[in-house]
Amino acid sequence: IKAIHQYDLLGTVGSASLKWSCNQGPSCVGNWWGSTGIDFYEVHYYPWMIQFGSKYDPYSTTPQTWGLEKPVLIGEAPGKRFQTLRGSLSVSQAYYWAYKNGYMGHLAWSDLANDGAGYWKDIQPALSCHSHWNQCQNSSEGRGFIHLVWDFILTYLREFLV
């Protein structure tokens, strides 16, 4: 993180789950990255995080639920319909709930990995959610022209972190 900061950039570490990026909350194991000098948290989400009674679900909790004092990016989640504690969500609905719950952004994984975890046809419509959140809440796909997710994240960073 220090090497990143020397160039006046924001730094973070990707964490596999809220399980290891928390100060409180259901079955919190600890904040493994909090003392590293990160500027924001970056957590991943996959349906295994709600199996066997686990509740590491950013789509049904807020960063405050986990006692996180810095912004939180959902930096990796399925790029197709997936299960959460809210039920089955489309990628557009995932973007909506990330926004509604106070997360700084959401990145879907990945058409290019060719691993079955995501498809461009499911990701593409969700990329315009930030211009019409309410349409994404109940829809299986977003509407409008495509805006890159990074535009949303960079806007947030400029407005709230700088």
Side-chain angles (χ1 to χ4, degrees), residues 1-5 7 9-127 129-130 136 148-157 160-161:
I1 299 295
K2 287 181 185 179
I4 294 169
H5 284 161
Y7 296 101
L9 299 171
L10 300 175
T12 193
V13 175
S15 180
S17 173
L18 284 164
K19 179 178 185 175
W20 300 289
S21 292
C22 55
N23 295 310
Q24 64 187 34
S27 303
C28 174
V29 172
N31 191 344
W32 292 12
W33 316 111
S35 63
T36 62
I38 60 173
D39 297 295
F40 60 95
Y41 292 95
E42 192 259 313
V43 299
H44 300 177
Y45 177 80
Y46 287 94
W48 68 262
M49 296 175 194
I50 61 167
Q51 292 177 343
F52 311 111
S54 295
K55 297 181 180 178
Y56 308 113
D57 178 2
Y59 309 101
S60 64
T61 61
T62 67
Q64 293 74 28
T65 302
W66 303 100
L68 299 174
E69 72 289 346
K70 296 177 183 178
V72 182
L73 170 66
I74 303 168
E76 185 178 315
K80 63 181 183 179
R81 183 169 284 281
F82 60 97
Q83 281 301 121
T84 70
L85 292 174
R86 289 190 177 280
S88 178
L89 295 183
S90 68
V91 179
S92 294
Q93 290 166 327
Y95 275 74
Y96 171 82
W97 285 110
Y99 165 76
K100 186 76 171 169
N101 289 343
Y103 292 89
M104 67 184 280
H106 177 280
L107 299 175
W109 179 269
S110 153
D111 182 59
L112 298 177
N114 199 27
D115 60 6
Y119 304 102
W120 182 243
K121 68 177 181 60
D122 296 314
I123 297 169
Q124 182 182 14
L127 296 180
C129 286
H130 73 277
C136 290
L148 295 176
V149 175
W150 283 111
D151 288 344
F152 170 71
I153 293 169
L154 291 174
T155 299
Y156 179 91
L157 292 174
F160 297 103
L161 294 179

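Note that the structure is predicted; figures quoted are calculated from it, not measured. Reckoned from all heavy atoms, side chains included, excluding hydrogens, waters and symmetry mates.
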Assess whether side chain to side chain contact (heavy atoms under 4.5 Å, CB included) is satisfied between Trp109 and Asp115, documenting all intermediate values. CA-CA 10 Å; Trp109 179 269; Asp115 60 6; 2.8 Å; yes
Please evaluate residues Trp66 and Thr61 with respect to the criterion side chain to side chain donor-acceptor pair (under 3.5 Å), reporting the C-alpha separation (whole Å), side-chain torsions for both, the decisive distance (0.1 Å), and the verdict. CA-CA 8 Å; Trp66 303 100; Thr61 61; 2.9 Å; yes
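When every heavy atom of Glu76 is checked against every heavy atom of Glu42, the shortest pair comes out as N-OE2, 3.9 Å. Residues His5 and Gly37 come closest through the heavy atom pair CE1-O, 3.1 Å. The minimum heavy-atom distance linking Leu68 with Leu18 is given by the pair CD1-CD2, 4.2 Å. Taking all atoms of both residues into account, the shortest heavy-atom contact from Gln64 to Gln24 is O-NE2, 3.0 Å. Across Val91 and Ala108, no two heavy atoms sit closer than the pair CG1-CB, 4.2 Å. Trp33 approaches Gly14 most closely through the heavy-atom pair CZ2-O, 4.5 Å.
The number of heavy-atom neighbours closer than 6.0 Å to NZ of Lys70, taken from other residues, nucleotides and ligands shown, is above 12.
Under the rule for a side chain to side chain donor-acceptor pair (under 3.5 Å), the partners of Tyr41 that lie at least two apart in sequence or sit in another chain are Asn31, Glu69. In this structure Trp97 satisfies the side chain to side chain donor-acceptor pair (under 3.5 Å) test with no other residue, sequence neighbours excluded.
Between the CD1 atom of Ile38 and the OG atom of Ser21 there is a distance of 6.5 Å, given to the nearest 0.5 Å. Annotation: the span from Ser17 atom OG to His44 atom NE2 amounts to 10.0 Å, rounded to 0.5 Å. One finds the SG atom of Cys28 at 11.5 Å from the CH2 atom of Trp20 (value rounded to the nearest 0.5 Å). Distance OG/Ser110 to CH2/Trp120: 10.5 Å, rounded to 0.5 Å. The CG atom of Leu10 sits 10.0 Å away from atom CD1 of Ile1, with the distance rounded to the nearest 0.5 Å.
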Report, one line per pair, each donor and acceptor closer than 3.5 Å where one atom sits in a side chain of residues 50-57; sequence neighbours left out.
from: Ser54; atom 1: OG; to: Gln51; atom 2: O; distance (Å): 3.3
from: Tyr56; atom 1: OH; to: Ser27; atom 2: O; distance (Å): 2.6
from: Asp57; atom 1: OD1; to: Tyr59; atom 2: N; distance (Å): 2.8
from: Asp57; atom 1: OD2; to: Ser60; atom 2: OG; distance (Å): 3.2
from: Asp57; atom 1: OD2; to: Leu85; atom 2: N; distance (Å): 2.7

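Two residues are said to be in side-chain contact when any heavy atoms from C-beta on lie closer than 4.5 Å; Tyr95 and Ser92 fail this criterion. With contacts defined as side-chain heavy-atom distances shorter than 4.5 Å, the pair Pro58/Thr84 does not qualify. Looking only at side-chain heavy atoms (C-beta outward), Tyr99 and His106 stay at 4.5 Å or farther from each other.
Gln83 places no side-chain N or O within 3.5 Å of a backbone atom of Trp48 that could act as its donor or acceptor partner. Within the 3.5 Å criterion, the main-chain N or O of Phe40 finds a donor-acceptor partner in the side chain of Thr12. In this structure a side-chain-to-backbone donor-acceptor pair under 3.5 Å is present from Asn23 to Gly67.
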